[in-house]
2 protein chains.
Amino acid sequence: MEALDLIDRKIVAELMRDATLPVAQIGEKVGLSQTPCWKRIQRLQENGVLTSRVALADPAKLGFGLTIFVGIEAPDHSAEWREVFVRAVNAIPEIMEVYRMAGEMDYLLRIAVADMAAFDTLYKRLTDAVPIKNVTSHFAMERMKFTTAYPVDTRNR
Amino acid sequence: MEALDLIDRKIVAELMRDATLPVAQIGEKVGLSQTPCWKRIQRLQENGVLTSRVALADPAKLGFGLTIFVGIEAPDHSAEWREVFVRAVNAIPEIMEVYRMAGEMDYLLRIAVADMAAFDTLYKRLTDAVPIKNVTSHFAMERMKFTTAYPVDTRNR
DNA sequence: TGTGAAAAACACGGCTC
DNA sequence: GAGCCGTGTTTTTCACA
């Protein structure tokens with residue numbers, strides 16, 4: 001898989017912003033007509049550049065108004081612990097993001113739940129499933145910005 | 001706007017997972033035929049439950065392989081500072097998520113950039129635009145989980 | 001790679017129950 | 001509310017430059 005040219009980047013940028021646009025219109029914006037634009041989109045999907053198309057929803061309106069970031073310190077750095085941990089976070093759908101970190105904090109989780117009671121339940125469930133050395137929870141009061149669109153068109157290549 | 005019934009929740013769940021499904025198929029899954037299903041989707045969009053449809057992309061393949069979480073402590077809690085801060089984070093597209101937090105850390109940012117050099121540039125740009133009392137950067141080594149689909153179908157109502 | 005045009009699938013909206 | 005069915009778009013495919 002070679003690097004993306006400018007047109008590919010523009011296409012990706014458009015689709016990350018709004019995936020409802022008809023192919024013809026995207027083509028227009030990037031200076032291509034339907035078919036070649038469509039072929040590029042297919043290729044971008046096959047190459048795994050575009051992974052999926054989803055609807056984004058308002059968490060508050062779905063009853064997921066509480067966001068908590070949880071920092072986790074592992075008791076050891078064995079493959080076994082890691083495996084159990086991966087299994088546990090994948091089994092809990094309220095855990096939206098998981099990052100393995102550099103530094104003291106080993107993992108960082110973003111969790112979305114309805115309220116404190118739901119978080120408490122989840123917290124117990126997680127700590128029951130996996131031995132954890134240290135946990136620090138940080139509560140979000142307000143989501144001020146959220147995007148899934150990487151700024152690909154800002155940069156040249 | 002009233003609460004969502006079970007069918008609405010199922011529809012939202014499907015669309016958050018995969019927005020390419022034809023309405024007829026979603027209808028089938030939730031036990032509805034085309035038209036009523038379509039009408040519900042329209043209503044969910046009008047109510048702001050479904051906010052948008054986007055393509056998700058692989059950050060690494062777009063040249064955004066480095067994720068950094070940045071904790072920020074504000075020098076004061078004035079409306080003025082807040083305004084300048086909001087303007088600054090909105091002007092920097094590499095800042096993907098911003099949360100106002102409870103506790104010592106006032107704000108938490110998730111930033112996606114190509115490499116350390118790009119982060120350094122961004123860091124200077126941010127700290128030049130806004131006076132900040134304290135900044136702590138946490139570097140992610142690996143993104144182990146990432147989803148935008150809230151687990152709406154797991155819970156009953 | 002790009003063009004054009006045709007086929008298949010789909011979204012959308014009127015009308016009925 | 002839900003379902004049936006027609007119409008206009010859009011996606012998808014194919015033949016050709």
Side-chain angles (χ1 to χ4, degrees), chain A residues 1-58 60-63 148-150 152-153 155-157, chain B residues 1-58 61-63 148-150 152-157:
Chain A
M1 191 199 126
E2 332 107 53
L4 310 175
D5 63 14
L6 211 108
I7 295 178
D8 280 336
R9 292 183 160 264
K10 280 187 184 174
I11 292 173
V12 173
E14 286 301 331
L15 288 175
M16 286 193 301
R17 244 181 283 286
D18 183 3
T20 65
L21 290 163
V23 179
Q25 271 185 55
I26 298 170
E28 215 175 292
K29 291 198 181 194
V30 304
L32 236 49
S33 67
Q34 274 218 39
T35 315
C37 185
W38 184 82
K39 281 182 188 165
R40 277 172 184 261
I41 293 171
Q42 296 304 312
R43 211 167 53 86
L44 288 165
Q45 287 172 171
E46 280 156 24
N47 290 345
V49 176
L50 296 173
T51 53
S52 61
R53 284 167 191 236
V54 300
L56 298 182
D58 181 335
K61 293 189 176 162
L62 292 178
T148 53
Y150 296 95
V152 288
D153 47 358
R155 304 146 24 95
N156 286 28
R157 261 272 191 177
Chain B
M1 191 198 126
E2 332 105 54
L4 310 175
D5 63 13
L6 212 107
I7 295 179
D8 281 336
R9 292 182 160 265
K10 281 187 183 173
I11 292 173
V12 173
E14 286 301 331
L15 287 175
M16 286 193 302
R17 245 180 282 286
D18 183 3
T20 67
L21 289 164
V23 178
Q25 271 185 54
I26 297 170
E28 217 175 290
K29 292 198 181 194
V30 303
L32 233 51
S33 69
Q34 276 215 39
T35 316
C37 185
W38 182 79
K39 280 182 189 163
R40 278 170 183 262
I41 293 170
Q42 295 303 311
R43 213 167 52 87
L44 289 164
Q45 287 172 170
E46 279 157 23
N47 291 343
V49 177
L50 297 173
T51 53
S52 61
R53 284 165 191 240
V54 300
L56 298 182
D58 181 335
K61 293 189 176 163
L62 291 179
T148 54
Y150 296 95
V152 288
D153 46 0
T154 315
R155 303 145 25 90
N156 286 27
R157 261 270 193 180

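Values reported hereafter were calculated over all heavy atoms of this structure, with side chains retained and with hydrogens, waters and symmetry mates removed. A note on names: the letters A, B, ... follow the listed sequences, proteins ahead of strands, and every chain is numbered from 1.
Distance, A:L15 CG to D:dT11 C1': 14 Å, rounded to whole Å. Atom CG of A:L6 and atom P of C:dT1 are 16 Å apart (whole Å). Going from atom NZ of A:K39 over to atom P of C:dG4 covers 13 Å, rounded to whole Å. Distance, B:D5 CG to D:dA2 C1': 13 Å, rounded to whole Å. The CD-P distance, from B:Q42 to D:dA2, rounds to 15 Å in whole Å. Between B:E28 atom CD and D:dA2 atom P there is a gap of 17 Å when expressed in whole angstrom units. As a whole-Å value, the separation of A:Q34 CD from C:dA6 C1' is 12 Å.
Among all heavy-atom pairs drawn from A:T51 and A:G48, the shortest one is CG2-O, 3.7 Å. When all heavy atoms of B:R9 and A:L62 are compared, the closest pair comes out as NH2-O, 3.8 Å.
Considering only side-chain atoms of A:L32, the nucleotide from D:dT12, C:dG4, C:dG2 that sits closest is C:dG2. With D:dG1, D:dC5, C:dT3 as the choices, the nucleotide that has an atom nearest any side-chain atom of B:T35 turns out to be D:dC5. Comparing atom distances between the B:V23 side chain and each of C:dC15, C:dA11, D:dT11 picks out C:dA11 as nearest.
Salt-bridge check for B:D8 with B:R40: passed, with a basic side-chain N closer than 4.0 Å to an acidic carboxylate O. Using a cut-off of 4.0 Å between Lys/Arg side-chain N and Asp/Glu carboxylate O, B:D153 and B:R17 are scored as salt-bridged.
Counting non-hydrogen atoms under 4.0 angstrom, B:P22 reaches the backbone sugars and phosphates but no base. Residue B:R40 is classed as a sugar-phosphate contact, given heavy-atom separations below 4.0 Å to backbone atoms only.
Residue side chain A:S33 does not reach the base of C:dG4 through any donor-acceptor N/O pair under 3.5 Å, judged by distance alone.
The side chain of A:W38 places no N or O atom within less than 4.0 Å of a non-bridging phosphate oxygen (OP1 or OP2) of D:dT11.
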